[in-house]
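Atoms considered below: every heavy atom in the structure, side chains included; atoms not considered: hydrogens, waters and symmetry mates. In what follows, chains are A, B, ... by sequence order, proteins preceding strands, each numbered from 1. Computed from a predicted model, the values in this text were never measured in an experiment.
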Amino acid sequence: MPPYHAQKIEPKWQRYWDEHKTFATKDFVPGKPKIYVLDMFPYPSGAGLHVGHPEGYTATDIFCRFKRMRGVNVLHPMGWDAFGLPAEQYAVQTNTHPRITTQRNIDTFRRQIKALGFSYDWDREVDTTDPGYYRWTQWIFLQIFNTWYDPDFEWTDSQGNARMGKGRPIAELPIPADCDDANAYRDSRRLAYRAEVPVNWCPALGTVLANEEVQDGKSERGGHPVVRMPLKQWMLRITAYAERLIDDLDGLDWSPAIKDMQRNWVGRSEGAEVDFKVKQSGKYDNWRIQRQATKFPTGPEADVIRVFTTRPDTLFGATYMVLAPEHSLVDQITTPDHREAVTQYRESTARKSDMDRTDLGKTKTGVFTGAYAVNPVNGEPIPVWIADYVLMGYGTGAIMAVPAHDERDFAFAKAFDLPIRAVLMPSDAWLLKQSGQKPGTGVDVAPLREAYRKNTGDSSQPFCDESSAINSHTHDLSLDGKLTQQAKESITHWLAEQGLGRKTIQYKLRDWLFSRQRYWGEPFPVVIDEQDRVHGLLPSDLPVLLPELDDFKPSGKPEPPLGKAVEWVRYSDTARRETNTMPQWAGSCWYYLRYIDPKNTERAWDPEKEKYWLPVDLYIGGAEHAVLHLLYSRFWHKVLFDHGQVHTAEPFQKLVNQGMILGETEYTAYRAGDGTWVSTEHVREVDGVPVDVRSKPPTPTQVVKLDEDEVTKKGDSFVRIDEPGIRVDARAHKMSKSRGNVINPDVVIAEYGADALRLYEMFMGPLEATKPWSMKGVEGVYRFLGRAWRMVVEFEAETLNLDPRVQDVEPTTEQAQLVARTVAAVTDDIEAMRFNTAISRLMEFVNSFTGQPVRPKSAMEAFVLLLSPFAPHLAEELWQILGHAGTLAYAPWPTFDPALLIDSEVDVPVQIGGKLKSRIRVPADVDSAALEAAAKADPKIAPLLEGKTIVKAVIIPGKLVNFVVK
RNA sequence: GCCGGCGUGGCGGAACAGGCAGACGCAACGGAUUUAAAAUCCGUUUCUGGGUAACCAGAGUGUGGGUUCGAUUCCCACCGCCGGCACCA
């Protein structure tokens, strides 16, 4: 041997770790702190691993290996999120059972992941499709099914916090005295319930999808069209936990971006519900009096429209109302002469997909119902319309429209010529802008204000901010002059007093649609009796195994394929099994809990182990799971928390999202039909085709990929080297099969080894950044590994032995300092997960030592230990060559004498007027006066100070000198 | 439109707490070694101007302003890119 030969070293150590179970984790190790480091487990797709997977996995692996060497008991497991659509789609296409393809894919993934040398405890591997696993997924479902949410329950949690609101056993649900069907009442309050709801049915996939899985009216997976239709489906009452899902984010160590995404998804808004009575007869006054006595009822009367608004302070500006076309009151209130138009409009919106309905660019549509409602603050009758810009699924499905102060209402009012009334005085800046004048030019705003007040908001724009109320008073109520916050409080109070409204909170979050019409998922552990009532099975009945089916194809109709397993479906003479299955998210909602006790056949996990290992201290994965997986998982965890099954309110304490790895940077130029080049500023993509916009009509251009040496930088952009007037696109794209820029980790490992791949992925840049791949970059770190090898090993020898320059001698002071500095820097960098700079430090170390004729063995050993989390195979091999037996995985992490970090002499920059003019070398502990004197005496500085007055001297010992002169 | 993040050499990036901008790597160029090449080793490499030269002068962290003795770092405005949400009342 031997030059550095990764292909020889790596399998050797992987086998060693496997055979010695080097990374098997023990529970409850006394005298050691614990850490639970988790990767988002992969969906084992048929395509195999891509380079994005090892990025996060390498980061956690480095962290874990480092922590083990620091004496920490580390839990670091891996498993498979293996239920789900792609396996089933593939199975349908090839007529293979999904179990077979899934097993095959798992085997490929395991092989690929093992080839990267990660330190997982493989004894804890989990597979969501294993009945020994999904048995407990079903068990958790039953916990949820047997829970109701009591928002007023006061309790103290296991961490000693006073809490309000708790998921409680369904048996504890109080049944109201006037309830004639206690079972139905219980079923209606469970956290898992069935409901006939309009769902996102995707005919191509043969299943319904959660709102979260539908993007722009198409399925997130595959981009198939989705239609709305009513179906009886399982729902999970995640909305009960909306407030806690927001509040508990505060204590988590997550990026602000992800926290914001979660907050926005839950979408909390504070406002008020207000009741408007439909004007039908002269009974309005009676109703008002009655309401003053009864106060605000839970549900409105049959002829009352309840709205939700975040701006009750603008109630005086409500000049019309809008109901969602699906609103149940529409039929009742529509007058005969408007019935036809209303019916027609409702039919046309029902046909529209969500995509069409939410297309923002389009002009607003709607029709008048002929009905009027009474504005409760001033008794004015206002027309009631229906329009599809009001959504049935949010709030009450009805709004009061305040066109002067809401963009949507404004656009609608303009379109249908409805009155606009200003009830807020806009800011001066807004008024000036409206009048076309610049602020600060001394224009008197008083006339503008007066005009706005009188014209009652009939300007070209609505004013949608907070400010002070105007035109808002009656004989017994006035908001005029009140600032928005005050006005809201005041009107809400008045409404409550009158029994007309109350303060409420609305969430964008909807209940989670939890059933799928597919084969490859967890069966529900419930049966349905002849009265269509659901009964949860007993834990002893679990698992409910998936029945064997010859034909698991979806029918294209909403009847699930499990219906074909006739024997399985028949539970008893009077009960049948549920034939829907759970969505893919189910298994990933709790896998982090199963890892702590993966082989337990008695329970999902041992509570003592849960107390020991939870929470997950570090969770790394892609940002694509920022909302769905993390929200669902947190929700399940909270239900389990309320049941005392877990002892932390949150599952994942620290979350890091690795950035995406893009393909290699590409230079793209465009050519017209006649072969002439078209500069990028003239090219725009229309329907996915790049066209030259200068010609009319625009003509398509041809895409030409250029080589790096065909382009050069000019100004801010790249241009063709032969024709610098032609700009070229220079950017890295997302890796995709169609683009042909996918990097296969197997290929990289075969050529450069796993250590080089690991090191490169960490060296590319910060973990969280999006960054382009570069094969040259891989070569760079590969060369570094080769240099590290040659620093220790005599590479021209026939046998493996130390380079003769590696000697058992004391390091020189300089060498000792470099070792100390490297240990200090690498330790800090790993702790802060700045792996790229840690690697730079290791490179500097090697660059320095390869130039030295004597390399103290102790320094080499320290280096090998520092390198080992990053390039474990190489490090183990070098450790052995340095004369150590066994693995270095638990060798103590190198320490250093802090005194070695301090230099006796330092270079101090000397500036004049903030500009660097010289550097002086002074003792590190020199005081201000001596430093100033030394700076003044410097041969470069002295002449520059000649004849000048020093106005100020900034002297920071050990850091800098700055003379301000005149 | 709203929310979040980011703009530093030819490229990926570094500068942790306002104090020497460009660490480390890639690419490029020059040299050594070699019959030659690969590999390896040494050196140069922000830009502009000047000098045979070690060097000198000026500019420079998206743009414009501000705070400060001093700003890549803090503040304001703008431009661009990326990610998320989007008629949520």
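- Neither OP1 nor OP2 of B/G4 sits under 4.0 Å from any side-chain N or O of A/Lys259.
- Pairing for B/A71 is absent, with no Watson-Crick or G-U wobble pair whose two atom distances lie under 3.5 Å.
- Across all strands, A/Arg263 comes closer than 4.0 Å to no nucleic acid atom at all (heavy-atom distances).
- Taking only distance into account, the side chain of A/Lys776 never meets the base of B/C11 through a donor-acceptor pair shorter than 3.5 Å.
- In this structure, A/Asp409 reaches neither bases nor backbone, as no heavy-atom distance under 4.0 Å exists between it and the strands shown.
- In this structure, the CD atom of A/Glu708 is 8 Å from the P atom of B/A28, given to the nearest Å.
- With a 4.5 Å cut-off on side-chain heavy atoms, A/Arg787 and A/Arg783 count as touching.
- With a 3.5 Å ceiling on both atom-pair distances, B/U45 lacks any Watson-Crick or G-U wobble partner.
- Rounded to whole angstrom, the span from the CH2 atom of A/Trp773 across to the C1' atom of B/G25 amounts to 14 Å.
- In this structure, CD of A/Gln506 is placed 9 Å from P of B/A89, rounded to the nearest angstrom.
- Comparing A/Lys713 and A/Asp406 against RNA chain B, the residue whose closest nucleotide sits nearer the 5' end is A/Lys713.
- Pair check for B/C85 finds B/G1; Watson-Crick or G-U wobble, both atom distances under 3.5 Å.
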Chi angles and distances behind the salt bridge (Lys or Arg N to Asp or Glu O under 4.0 Å) call for A/Arg731, A/Asp729: CA-CA 6 Å; A/Arg731 54 182 300 179; A/Asp729 267 334; over 6 Å; no
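- Residue-to-nucleotide proximity on RNA chain B shows that, of A/Gln911 and A/Asn836, the 5′-proximal contact is made by A/Asn836.
- A syn base is found at B/G9: its glycosidic angle is within 90° of 0.
- When the P atom of B/G83 is taken as reference, atom CD1 of A/Ile661 falls 16 Å away, rounded to whole Å.
- Across all strands shown, the partner of B/C11 is B/G25, judged by Watson-Crick or G-U wobble contacts whose two distances both fall under 3.5 Å.
- The nucleotide B/C6 finds its pairing partner in B/G80, both defining distances of the Watson-Crick or G-U wobble pair being shorter than 3.5 Å.
- The distance from atom CD of A/Glu407 to atom C1' of B/A86 is 12 Å, rounded to the nearest whole Å.
- A parallel orientation is assigned to the rings of A/Phe412 and A/Tyr320, their planes being inclined by less than 30° (bins at 30° and 60°).
- As a whole-Å value, the separation of A/Met400 CE from B/A89 P is 12 Å.
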